[in-house]
Q: 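This is the structure I want to talk about, given as C-alpha cells.
Computed from heavy atoms alone, side chains included, the values below leave out hydrogens, waters and symmetry copies.
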Amino acid sequence: MSAGARTQGETQPNGVTDTVLATIDLSKEKVNLADRQLRTRKLEIQPGGVVPWHSHEDRPALIYIISGTIEEYASNCSVPIVHKAGEVSVEKSGVQHWWKNTGTTPVVLLSSDVFHDMPKANPHAM
C-alpha cells in the first residue's frame with residue numbers, strides 16, 4: 001500500500017443495477033446532521049460491470065458483499081483488493097476507488113452510507 005498508487009479509474013457505471021432501499025433524513029433526527037441522509041442500497045453488478053471511480057471524503061460507508069466476488073481498485077493500493085461474499089468493506093475519509101466484477105456471475109452488494117443530500121442530488125451517486 002502506498003499513497004497515490006492509483007489516481008483514477010473507470011468513470012461510468014456499467015452493468016450495475018442500483019436500488020435505493022431506504023433513507024433517513026438525518027437533519028430530522030437527534031443526531032441533527034444537516035443535509036445528510038443515512039441510506040441503504042442494494043447494488044447488483046453484472047459480469048464486467050463497473051462501479052465508477054468515486055470518493056468517500058465526506059460520505060462514510062459500509063459495503064456488505066452478499067454474493068459473488070468483486071475487485072476494488074483503491075487510490076492507496078497498487079494491486080486490486082478482492083472482496084468475497086460475507087465480507088464488509090469500510091469506506092471512509094481518504095478513500096478514492098472503483099470496483100469491477102471480473103467474474104462470470106453477478107455480484108450483489110448491500111451499501112449503507114451517510115449521503116450528502118444536496119438539492120437535486122442523484123440518489124444513485126456512487
Side-chain angles (χ1 to χ4, degrees):
M1 299 197 38
S2 65
R6 194 177 312 273
T7 59
Q8 63 183 356
E10 292 282 348
T11 59
Q12 297 296 314
N14 176 19
V16 178
T17 301
D18 176 350
T19 305
V20 176
L21 300 177
T23 64
I24 296 172
D25 185 344
L26 295 177
S27 68
K28 296 176 183 171
E29 298 296 319
K30 289 190 181 209
V31 294
N32 195 24
L33 297 174
D35 302 322
R36 301 287 174 163
Q37 291 183 4
L38 174 60
R39 71 177 175 178
T40 297
R41 301 178 295 157
K42 177 181 173 186
L43 289 89
E44 297 180 28
I45 301 104
Q46 299 303 314
V50 167
V51 176
W53 183 265
H54 60 279
S55 170
H56 287 273
E57 203 56 41
D58 70 343
R59 186 174 54 88
L62 298 173
I63 310 298
Y64 176 75
I65 294 80
I66 295 173
S67 63
T69 300
I70 192 162
E71 292 184 358
E72 174 187 5
Y73 300 85
S75 59
N76 62 351
C77 194
S78 59
V79 297
I81 303 163
V82 177
H83 297 282
K84 298 178 182 177
E87 296 179 352
V88 174
S89 174
V90 176
E91 301 176 345
K92 55 189 177 180
S93 183
V95 173
Q96 296 177 329
H97 63 162
W98 64 284
W99 297 53
K100 183 170 186 177
N101 180 353
T102 59
T104 58
T105 60
V107 173
V108 180
L109 309 175
L110 194 59
S111 170
S112 294
D113 62 355
V114 177
F115 180 65
H116 193 187
D117 187 25
M118 299 174 287
K120 298 183 182 179
N122 178 354
H124 301 284
M126 300 291 155

Q: Working to the nearest 0.5 angstrom, can you tell me the gap between R41 CZ and D113 CG?
A: 5.5 Å
Q: Rounded at 0.5 Å granularity, tell me how far CD in E87 sits from CD1 in I63.
A: 13.0 Å
Q: According to a 4.5 Å side-chain heavy-atom criterion applied to Ile, Leu, Val, Met, Phe, Trp and Tyr, with indirect links allowed, do V88 and L110 form part of one hydrophobic cluster?
A: yes
Q: Would you name the heavy atoms of G48 and K100 that are closest together and state the gap between them?
A: O-CE, 3.9 Å
Q: Taking all atoms of both residues into account, what is the closest heavy-atom pair of R6 and S78, and its distance?
A: NH2-O, 3.5 Å
Q: So, taking the atom named CD in E44 and the one named NZ in K42, what distance separates them when rounded to the nearest 0.5 Å?
A: 4.5 Å
Q: Applying side chain to side chain contact (heavy atoms under 4.5 Å, CB included) to W53 and S75, what does each step give before you reach the verdict?
A: CA-CA 10 Å; W53 183 265; S75 59; 4.0 Å; yes
Q: I need the minimum non-hydrogen distance between E57 and S93, along with the two atoms involved.
A: OE2-OG, 2.9 Å
Q: One pair to check against side chain to side chain contact (heavy atoms under 4.5 Å, CB included): R36 and H116. What are the steps and the verdict?
A: CA-CA 5 Å; R36 301 287 174 163; H116 193 187; 3.7 Å; yes
Q: For the atom pair CG (L33) and NZ (K28), what is the distance rounded to the nearest 0.5 Å?
A: 14.0 Å
Q: Measuring from L43:CG to N101:CG, what's the distance to the nearest 0.5 Å?
A: 12.0 Å
Q: Does the pair L62 and V90 meet the rule for a side chain to side chain contact (heavy atoms under 4.5 Å, CB included), with working shown?
A: CA-CA 5 Å; L62 298 173; V90 176; 3.9 Å; yes
Q: Between H97 and H56, is any pair of side-chain heavy atoms under 4.5 Å apart?
A: yes
Q: Looking at every heavy atom in both A85 and S67, which two are closest together, and how far apart are they?
A: CB-CA, 3.8 Å
Q: Are V107 and W99 packed together at the side-chain level, in the sense that at least one heavy-atom pair is separated by less than 4.5 angstrom?
A: no
Q: At what distance, to the nearest 0.5 angstrom, does CD1 of I70 lie from NE2 of H83?
A: 8.0 Å
Q: In the single-linkage hydrophobic clustering (I, L, V, M, F, W, Y; side-chain heavy atoms under 4.5 Å), do V95 and Y73 co-cluster?
A: no
Q: What closest approach, in Å, do S89 and E72 show between heavy atoms, and which atom pair accounts for it?
A: OG-OE1, 4.0 Å
